[in-house]
Structure formats: C-alpha cells, structure tokens
Amino acid sequence: MFLRSDHGSDQAGGTATLSFGRAIMPLAEPRTIDRLRDAIARIDWAPDLGSQIGSLDWWRGAATCAALCTATWMLAPGFDTSIMGGVPAALDGTAWDEARAQSIAPLAWGADTGHHMAANDLVVPLAERPERPIIELAATLGQGDNFTRVVQRAGVSEGDASTAAKLIQGAVVLGDIKPGTQIDMTLGRRANRNVARPLEALSFRARFDLNLTLSRAGGTLKLLRQPIAIDHTPARFQGLAGRSLYRSARAAGVPAKIVEAYIKAMATRLSVGRDVGAGDTFDIVMEQARAATGEVQLGSLMFAGLDQGRKKVQLVKWEDGQWYEASGQTERKGMMGLPVAGHITSTFGLRRHPILGFTRMHKGLDIGAPWGSPIHAAMAGIVQFAGRSSGYGNFVKLAHGGGIGTGYGHMSRIAVRPGTRVAAGQIIGYVGSTGMSTGPHLHWEVWKNGVAVNPRSMSFSSMAQLSGQALRAFKARVATLLAVKPGAH
C-alpha cells in the first residue's frame with residue numbers, strides 16, 4: 001500500500017497513469033542549428049505588401065521580392081538565346097488511326113466515342129452538300145417595307161411572291177398590314193441550285209381579327225381565311241381617388257394615356273387638384289378589343305365619371321370628338337390658342353397697311369410661319385366658306401355656334417370643303433401668301449355676333465345640346481356604357 005503523497009501532489013485526483021520501473025530523463029538542450037531552423041520557420045517570408053507598409057515584416061517581404069526578381073533575371077537565358085525542346089516523332093500507321101479516332105472531328109460528326117466513327121480511306125467526300133428538302137423561316141415586315149420585297153428577300157421567287165401578293169390583296173390591303181407583322185414561310189425542294197425554292201406555305205396575322213394562310217395544292221397556291229372572334233366589350237375601372245387621382249387610377253390598372261385623357265376631360269368641369277377629395281370615386285370606361293386567341297387591344301377613353309356623393313360628373317365622348325354630359329349637353333370654356341405654329345407679326349387694331357400705304361383697321365392677327373405649315377381649326381365647327389376671297393386669297397370661314405366665327409386667310413392650299421364639320425385642332429389648310437400679302441403668313445380673324453374682336457383677348461363659352469335622333473343615339477350609348485360591369489376587362 002502507498003499513500004497519495006508518496007508520488008507527489010501533481011496527480012489530478014489520482015486518475016493519472018503512473019509509470020513504474022522507468023526513470024525520468026531530462027530533456028536535451030536544443031542545438032543551435034535547431035533553434036535557427038525554428039526561427040526561420042516562424043518568419044513570414046512573403047507578407048502582404050499592401051498592409052503594414054514600412055514595418056519590419058514589410059521591408060523583409062520587399063527584400064525577398066527583390067531578391068527573387070534579381071535571381072530570376074540572373075538565371076534567365078536572355079531573349080537572344082534559343083531553348084532547345086524535344087519534338088515528338090510523327091505518328092503513322094495504326095498509331096495515327098488511333099489518335100485520329102480520339103480527335104474532336106469524329107465527335108463533331110456525331111460519334112459517341114469517336115473510335116468507330118473515324119473516317120478511313122474507304123470514305124469518299126461528296127462533290128456537293130445535299131440540300132434540305134424544306135426550309136421553315138420567318139420574316140418581319142419593317143417600317144415602310146413592301147410585302148412582296150419581304151418574301152423575295154426570304155428566298156421566294158418573283159413569280160410566287162407576285163402570286164401571293166395578289167391573293168392576299170383580295171383579302172386585305174397590303175399597305176394596311178402593320179409594320180412588325182411576322183410572316184411564317186415554308187420553302188420546298190428546288191430542281192437545282194440555280195432557281196429559287198418554291199413557296200409551299202405562308203401564314204401571318206393580317207389584321208387583329210384575321211389570319212391568312214397560303215398553301216400549295218396541286219401545284220398552285222390557295223388562300224385560306226381564318227377569322228378570329230373579337231369581343232368588343234369595353235373595360236370599366238372604378239376606385240377611390242385617394243391622395244392622388246392619377247396614382248389611384250394607375251394602381252387600378254388604367255393605362256397612363258387613358259388616365260391623362262380622363263384628367264383632361266374632368267378638368268373641363270372642375271379643378272382636379274382642388275375639387276377632388278380622397279373619398280370621391282372615379283369611374284372610367286375605355287374601348288377594348290379582346291381576341292379569341294388571347295390578345296387584347298386597348299382603345300380610347302369613352303366615359304369619364306366622378307362620384308362626389310352630393311354631385312356626379314358623367315362625361316361621354318360623342319362622334320364629333322366633344323365631351324357631353326350624360327344629359328346630352330356640352331359646354332366649352334377657355335382662351336383661343338394660335339391656329340398655327342409661328343410668331344405674331346401684326347396685332348389687332350389700327351395700323352399702316354404694308355401694301356396700300358394708309359392707316360386702317362386690322363381686324364385680326366398676322367402670324368408669320370414657314371410656307372406650307374399646317375393651319376388648325378381653333379374650335380370645332382362647320383365650314384361656311386372655303387375658296388378665293390379677294391384680298392384674303394385662299395380663305396376659310398368656320399362657324400362655331402354661340403355667335404362665334406373664325407376666318408383664316410392667305411392660305412397656299414385649302415384642306416376642307418364647305419358644309420363639312422371639323423374638330424378642334426383639325427388641319428384646314430396650309431400657310432401661304434395668296435391675296436394681298438407680302439410673305440408667307442396666316443391672317444386670323446375672330447367674330448362675335450358678326451363683329452370682329454381681338455382673338456388674343458377673347459374667352460369663349462359655348463353650349464351645345466343634342467336633339468332628335470342624335471340625342472336618342474347618345475342616350476343609348478350612355479346606357480350601354482353604364483351597364484358595363486367593373487372588372488369585366
């Protein structure tokens with residue numbers, strides 16, 4: 001038996017293993033060479049030269065880098081010294097066939113390993129590459145392009161292209177085919193390489209509601225019309241105006257252009273920024289065409305409504321381009337803008353006439369503009385006169401209702417006829433210098449109850465009321481638009 005103290009007190013809880021019969025040997029003192037090796041091993045000979053710049057380790061790394069570069073330069077053979085290299089012997093016989101079988105060429109020809117697909121002396125190259133029996137391709141009609149030229153560029157012969165154009169012309173006007181239309185074609189086998197491939201089939205979307213297909217049967221091309229069912233139910237959107245009428249309508253899915261048209265229509269009846277509250281409900285109905293194939297075309301704004309609780313604004317766009325209230329009445333207020341893009345060269349009032357040489361009343365505005373610039377109607381109205389009128393030259397007079405009339409003189413060319421209705425902004429002629437004129441300009445007059453007034457100082461407010469058959473047709477449209485269910489789009 002022995003006591004724990006007999007073996008020292010450094011055994012942890014008596015659980016350490018004790019060694020019997022072996023003396024404890026002291027460790028040998030390390031040699032100088034060993035200490036040197038340990039010191040060298042602890043040195044970082046390739047430190048990061050981008051960090052700790054200027055430290056002892058950085059300078060040691062810089063010295064190491066410089067020493068390695070110097071050693072490389074001293075041991076290099078130089079640019080004028082050739083280095084001999086071994087050249088393998090050329091392969092021949094079986095070795096060549098084996099190496100060729102493992103090259104990239106057999107893999108390109110479709111082999112899985114290449115060995116059994118390699119060409120040998122029994123393979124005879126073809127005199128010419130055989131052609132595909134048919135070619136399927138697509139061409140796109142570009143802006144200002146011609147249908148016949150498009151199919152000819154695709155490889156169709158002039159005769160087939162002309163025949164196809166004549167057949168298609170019987171279904172749609174070639175000039176009405178929209179740019180960007182994709183034309184799918186199939187070209188057949190040709191007798192030799194010196195002739196164009198025959199047109200076997202051709203198909204494209206001629207209109208939103210019509211597909212056209214040409215196919216060859218019995219040696220001749222035949223046209224097949226494939227009408228597409230179109231649903232013209234308008235799209236209706238409703239929602240709260242919120243903090244921003246524009247953003248709320250856009251969030252409801254209304255296209256940006258339609259929202260802009262809606263706000264412009266509303267602006268003719270109220271102040272959109274001041275009078276529209278967050279709790280007001282907007283009501284928008286727009287044209288929509290939905291094809292059975294899934295495509296959708298959106299049109300213009302048809303109905304603009306705003307429910308403010310105590311008051312409702314309901315505007316419907318009628319055939320004359322004007323916005324009418326649901327009752328069939330319309331009102332237009334505002335200032336007249338210049339009917340042509342130019343600058344005023346002579347104002348309304350007394351002036352010395354540039355040709356006659358004496359002072360007299362100038363009953364309108366002279367607006368200088370380049371020859372041929374388009375002249376637009378200041379307001380919607382009816383053409384009362386269009387023709388030659390003494391000193392006015394080529395002259396057009398419009399009646400707008402409410403006792404308001406406008407006149408446009410010195411035109412180079414007239415673009416309207418007497419008795420026709422014109423919309424606001426419609427082109428009615430072009431700037432010229434006919435009649436008593438010293439240069440190309442527009443003479444513009446405005447009359448109120450037959451008296452000439454200054455166009456720049458005149459505000460107008462005109463009322464129009466539909467009646468008779470027009471009012472009944474208008475009421476029917478209003479009922480149809482209000483019957484559209486929101487979300488029907």
Please check this pair: side chain of [X] against backbone of [Y], looking for a donor-acceptor N/O pair closer than 3.5 Å.
X: Arg413; Y: Asn394; answer: no
X: Thr213; Y: Leu224; answer: no
X: Lys363; Y: Asn454; answer: no
X: Thr163; Y: Gly159; answer: yes
X: Arg205; Y: Thr181; answer: no
X: Ser412; Y: Tyr430; answer: yes
X: His362; Y: Thr347; answer: yes
X: Arg207; Y: Asn211; answer: no
X: Thr434; Y: Met411; answer: yes

Rounded at 0.5 Å granularity, tell me how far [atom1] in [X] sits from [atom2] in [Y].
X: Ile284; Y: Leu481; atom1: CD1; atom2: CG; answer: 13.0 Å
X: Tyr408; Y: Leu442; atom1: OH; atom2: CG; answer: 8.5 Å
X: Arg290; Y: Ile228; atom1: CZ; atom2: CD1; answer: 14.5 Å

Provide the closest heavy-atom pair for [X] versus [Y] in the form atom of the first, atom of the second, distance.
X: His441; Y: Gly368; answer: CB-CA, 4.0 Å
X: Ala196; Y: Gly155; answer: CB-O, 3.6 Å
X: Thr148; Y: Ala161; answer: CG2-CB, 3.9 Å
X: Leu214; Y: Ala164; answer: CD1-CB, 3.4 Å
X: Ala265; Y: Ala304; answer: CB-CB, 4.3 Å
X: Gly299; Y: Met286; answer: O-CE, 4.1 Å

Is the shortest heavy-atom distance from the side chain of [X] to the side chain of [Y] under 4.5 Å?
X: Leu398; Y: Val396; result: yes
X: Asp283; Y: Phe303; result: yes
X: Asp145; Y: Arg153; result: yes
X: Leu301; Y: Lys317; result: no
X: Lys222; Y: Thr220; result: yes
X: Leu306; Y: Tyr262; result: yes
X: Leu298; Y: Ile258; result: no
X: Ile367; Y: Pro339; result: yes

- Can you tell me which residue pairs pass the salt bridge (charged side-chain N to carboxylate O under 4.0 Å, His left out) test with a partner in residues 184-199, sequence neighbours excluded? Glu128-Arg193, Glu131-Arg190, Glu131-Arg193, Glu131-Arg197
Extract all donor-acceptor atom pairs below 3.5 Å that involve side chains of residues 375-390 and protein atoms in other chains or at least two apart in sequence.
unit_1: His376; atom_1: ND1; unit_2: Gly425; atom_2: O; d: 2.8

- Query: Side-chain donor-acceptor pair under 3.5 Å between Gln152 and Arg149, yes or no?
  - Reply: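 Side chains of Gln152 and Arg149: no pair found under 3.5 Å.
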List the atom pairs, donor and acceptor, that lie under 3.5 Å between side-chain atoms in residues 133-143 and the rest of the protein, sequence neighbours left out.
none

Using residues 307-315 as the side-chain source, report each donor-acceptor pair under 3.5 Å to any protein atom, sequence neighbours left out, with the distance given to one decimal.
unit_1: Asp307; atom_1: OD1; unit_2: Gly309; atom_2: N; d: 2.9
unit_1: Gln308; atom_1: NE2; unit_2: Asp275; atom_2: O; d: 2.8
unit_1: Gln308; atom_1: NE2; unit_2: Asp280; atom_2: OD2; d: 3.3

- When you measure from the centre of the six-membered ring of Trp323, is the NZ or CZ of Lys264 under 6.0 Å away and within 45° of the axis? no
- Query: Which word best sums up how the rings of Tyr392 and His410 line up, parallel for under 30°, tilted for 30 to 60°, or perpendicular for over 60°?
  - Reply: tilted
- Test Trp444 against every option in Asp366, Thr406, Val340 by the side chain to side chain contact (heavy atoms under 4.5 Å, CB included) rule and name the one that passes. Thr406
- Item | Contacts of type ring-ring contact (aromatic ring centres under 6.0 Å, His included), residue Phe282, not counting sequence neighbours |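 ring-ring contact (aromatic ring centres under 6.0 Å, His included) check on Phe282 returns nothing, list empty.
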Please tabulate, for the side chains in residues 240-249, all donor-acceptor contacts under 3.5 angstrom to protein atoms that are two or more places apart in sequence or on a different chain.
unit_1: Ser244; atom_1: OG; unit_2: Arg247; atom_2: N; d: 3.2
unit_1: Ser248; atom_1: OG; unit_2: Ala241; atom_2: O; d: 2.6
unit_1: Ser248; atom_1: OG; unit_2: Ser244; atom_2: O; d: 2.9

